[in-house]
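Both backbone and side-chain heavy atoms feed into the values below; hydrogens, waters and symmetry mates do not. As the structure lists them, so they are numbered: ligands from 1, and atoms in each ligand from 1.
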Amino acid sequence: MKAITFQSVETLRFEDVPDAELVDDTDVLVGVRAAGICGSDLHPYFGREVGLDVGTVMGHELLGDVIEVGSGVTGFSVGDRVVAPFTTSCGSCFFCASGLTARCLRGQLFGWVEQGQGLHGAQAELVRVPLADGTLVSVPDGLDDAVGLLAGDILSTATFGADLAGVGRGDVVAVVGCGPVGLLAIVTALDRGAARVVAVDSVPTRLETAELFGATAVSFETDDPRTVVDEATEGRGADAAIEAVGSAAATRAAADLLRPGGRLAALGVHTEAHLALSPGEMYDRNLSYAAGRCPARRYMPASLELALRNADLIASLISHRLPLSEGVEAYRRFAAREPGWNKVVLLPQA
Ligand SMILES: NC(=O)c1ccc[n+]([C@@H]2O[C@H](COP(=O)([O-])OP(=O)(O)OC[C@H]3O[C@@H](n4cnc5c(N)ncnc54)[C@H](O)[C@@H]3O)[C@@H](O)[C@H]2O)c1
Ligand SMILES: [Zn+2]
Ligand SMILES: [Zn+2]
């Protein structure tokens, strides 16, 4: 099968690899219709996260058709259109039962094979989905492949961010980072009644999309986001901040926008050794900080409904729908944040 594979930092390859196949009787084999390129793929791409084996099939956002079913799978049949969260989940361990599906005791991240152990990813014609009954979700009819795909990762992550930040009706919310995750965090914050979202980035086309999605967009290169937040809050600061970058600078920026008692949700994947806030500052300003991998499987049913209700808006986030053969070049341009490269979805069957 054709796939996008990891070779070394900033080097991927579009190549033939052995077909994915069933291993355990609880597996399903999916023919991939849509596979996203996520900001999280950029961490191994740029070498911020290390350990990925050469030849690992990249990608953890996947929607497709069930083409083969293990004998122990009861919930899915050949031909079903399904979407997966970016990690597998058994559905029955302590963490799955309590909703923290991202920490399933048997969970694995798609697109991460290290020292021969792990799961290949979805930027391929076929992908093996272990623990299929606890992992996969059926896609409602009428939902576009590329939009439904987002329920398995970034749309659920955006809702998780609103939850972690305790976003409620009437809140003023700062969103730091207007990549695909931050842009959808604008949608989810407004969906749950935020009065105002101030969105911060420096990429002009991403800021334009943020405005389109209903935020007041501020470039941190040319303007001071705190001034904009102050105008909306009588100088208090934002009630909640959602950081969707993954850097000390972004943590700092988000904290600086909060009011005393404010809540900071860190969605970005961080690779620094220390938090950019001191315990003393958190005490003195009564700040809360919450972070973590989104338990996407738990959020997916609600995310699919949100996607149906906002299909056109969410579709407008997807700037590029490309065949798999153009995936390597697409990584380069998405990683470089070229103007207009908001969200890339690869279509292996195109
Ligand atoms: N928690 C989870 O489960 C989860 C799920 C998906 C993605 N993520 C993470 O979320 C982050 C965002 O993902 P994405 O796909 O949107 O990535 P992305 O790289 O496309 O977007 C990041 C954006 O942040 C902007 N940025 C950089 N520094 C900034 C700063 N100091 N202030 C404001 N903006 C700044 C960039 O210009 C860019 O537009 C990544 O770290 C990704 O790994 C986490
Ligand atoms: Zn992701
Ligand atoms: Zn589990």
Side-chain angles (χ1 to χ4, degrees), residues 35-46 48-49 58-62 85-112 121-122 131 133-135 149-150 152-161 164 174-185 199-207 209-210 217-221 225 241-254 256-257 265-271 276 290-299 317 319 334-338 341-344:
I37 300 180
C38 179
S40 297
D41 294 322
L42 301 183
H43 303 310
Y45 181 79
F46 282 127
R48 291 189 292 257
E49 286 185 318
M58 298 287 292
H60 54 258
E61 296 184 349
L62 74 110
F86 57 99
T87 58
T88 61
S89 44
C90 74
S92 56
C93 73
F94 172 87
F95 295 103
C96 285
S98 58
L100 194 57
T101 54
R103 298 297 165 200
C104 172
L105 293 172
R106 297 167 67 196
Q108 289 178 289
L109 174 65
F110 286 100
W112 197 276
L131 303 171
D133 281 328
T135 299
L149 168 76
L150 306 184
D153 185 352
I154 61 174
L155 185 54
S156 292
T157 298
T159 306
F160 177 56
L164 287 185
V175 171
V176 175
C178 297
V181 173
L183 289 168
L184 288 178
V200 185
D201 204 299
S202 63
V203 180
T205 50
R206 291 186 170 191
L207 290 167
T209 310
V218 185
S219 169
F220 65 80
E221 279 182 349
I242 300 174
E243 173 268 303
V245 182
S247 71
T251 304
R252 196 58 261 165
D256 288 344
L257 297 176
L267 294 178
V269 174
H270 287 262
T271 47
R293 176 183 281 175
C294 171
R297 178 61 185 80
R298 165 157 69 97
Y299 282 96
L317 170 71
S319 55
F334 174 67
R337 295 175 183 138
E338 286 194 7
W341 283 72
N342 279 354
K343 180 70 184 178
V344 182

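Applying the side-chain contact (heavy atoms from CB on, under 4.5 Å) test between Thr209 and each of Val203, Leu183, Asp201 identifies Leu183 as the sole match.
Taking the side chain as every heavy atom from C-beta outward, Leu317 and Leu184 approach each other to under 4.5 Å. Proximity of Thr87 to Thr101: side-chain heavy atoms (C-beta onward) are nowhere separated by under 4.5 Å. Arg293 places none of its side-chain heavy atoms less than 4.5 Å from the side chain of Thr157. Between Glu243 and Arg252 the shortest side-chain heavy-atom distance does not fall below 4.5 Å. Between Thr88 and Arg106 the shortest side-chain heavy-atom distance does not fall below 4.5 Å. Looking only at side-chain heavy atoms (C-beta outward), Cys90 and Phe95 stay at 4.5 Å or farther from each other.
Protein heavy atom in closest approach to atom 22 (C) of ligand 1: Arg337 NH2, 3.7 Å. The protein atom (non-hydrogen) at minimum distance from atom 25 (C) of ligand 1 is Asp201 OD2, 3.1 Å. Val245 CG1, 3.5 Å is the protein heavy atom nearest to atom 28 (N) of ligand 1. Of the protein's heavy atoms, Arg206 NH1, 3.8 Å lies nearest to atom 18 (P) of ligand 1. Of all protein heavy atoms, the one lying nearest to atom 7 (C) of ligand 1 is Ser40 OG, 3.3 Å. Counting only heavy atoms of the protein, atom 12 (C) of ligand 1 lies nearest to Ala244 O, 3.2 Å.
In this structure, Ala253 does not count as a contact residue of ligand 1, since none of its heavy atoms falls inside 4.0 Å of the ligand. Within the structure, the closest approach of Ala266 to ligand 1 does not fall below 4.0 Å when heavy atoms are considered.
Taking OG of Ser319 as the reference point, atom CH2 of Trp341 lies at 7.0 Å (rounded to 0.5 Å).
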Intermediate values then yes/no, side chain to side chain contact (heavy atoms under 4.5 Å, CB included), Ile154 and Cys38: CA-CA 8 Å; Ile154 61 174; Cys38 179; 4.3 Å; yes
Side chain to side chain contact (heavy atoms under 4.5 Å, CB included) evaluation trace for Arg48 with Leu42: CA-CA 8 Å; Arg48 291 189 292 257; Leu42 301 183; 3.8 Å; yes
Derivation and outcome, side chain to side chain contact (heavy atoms under 4.5 Å, CB included), residues His43 and His270: CA-CA 10 Å; His43 303 310; His270 287 262; over 6 Å; no
Stepwise side chain to side chain contact (heavy atoms under 4.5 Å, CB included) check, Asn342 with Arg206: CA-CA 7 Å; Asn342 279 354; Arg206 291 186 170 191; 3.3 Å; yes
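With atom 6 (C) of ligand 1 as the reference point, the heavy atom nearest to it among Asp153, Asp41, Val218, Val200 is part of Asp153. Summarising the contacts of atom 9 (C) of ligand 1 with Leu267, Val181, Val344, the nearest heavy atom is found in Leu267. Summarising the contacts of atom 2 (C) of ligand 1 with Cys294, Ala249, Cys178, the nearest heavy atom is found in Cys294. Residue Phe220 holds the heavy atom nearest to atom 30 (C) of ligand 1 of all those in Phe220, Phe86, Trp341, Phe160.
Of all atoms in ligand 1, listed by their number and element, those nearer than 4.0 Å to a heavy atom of Phe334 are 20 (O). Residue-ligand proximity, Gly268 to ligand 1, at heavy-atom distances under 4.0 Å covers atoms 9 (C), 10 (O), 11 (C), 41 (O). Atoms of ligand 1 lying under 4.0 Å from at least one heavy atom of Gly177, given by number and element, are 24 (O), 33 (C), 34 (N). For ligand 1, the atoms lying closer than 4.0 Å to a non-hydrogen atom of Val203 are 37 (O).
In terms of polar-atom proximity, defined here as any N/O pair under 3.5 Å, Pro180 does make such a contact with ligand 1. Considering backbone and side-chain N/O of His43, one or more are found under 3.5 Å from N/O of ligand 1. Close N/O approach between Gly39 and ligand 1 is found [any backbone or side-chain N/O within under 3.5 Å]. The shortest N or O to N or O distance between Val269 and ligand 1 is below 3.5 Å. Note: no N/O pair closer than 3.5 Å links Ser202 and ligand 1 by distance alone.
Between His60 and Phe86, the distance separating the two ring centers is shorter than 6.0 angstrom.
Judged by distance alone, the side chain of Lys343 and the main-chain N or O of Gly179 form no donor-acceptor pair under 3.5 Å. Arg297 places no side-chain N or O within 3.5 Å of a backbone atom of Pro85 that could act as its donor or acceptor partner. In terms of modelled atom types and a separation under 3.5 Å, the side chain of Ser156 and the main chain of Gly152 share no donor-acceptor contact. In this structure a side-chain-to-backbone donor-acceptor pair under 3.5 Å is present from Ser89 to Gly134.
Every side-chain contact (heavy atoms from CB on, under 4.5 Å) that Ala174 has, sequence neighbours left out, goes to Ala238, Ala241, Leu257. Under the rule for a side chain to side chain donor-acceptor pair (under 3.5 Å), Ser40 has no partner lying at least two apart in sequence or in another chain.
Near-neighbour remark for the Zn ion (ligand 3): protein N, O or S atoms under 2.8 Å are Cys90 SG, Cys93 SG, Cys96 SG, Cys104 SG; waters not counted.
Counting only protein N, O or S atoms closer than 2.8 Å to the Zn ion (ligand 2) gives 3.
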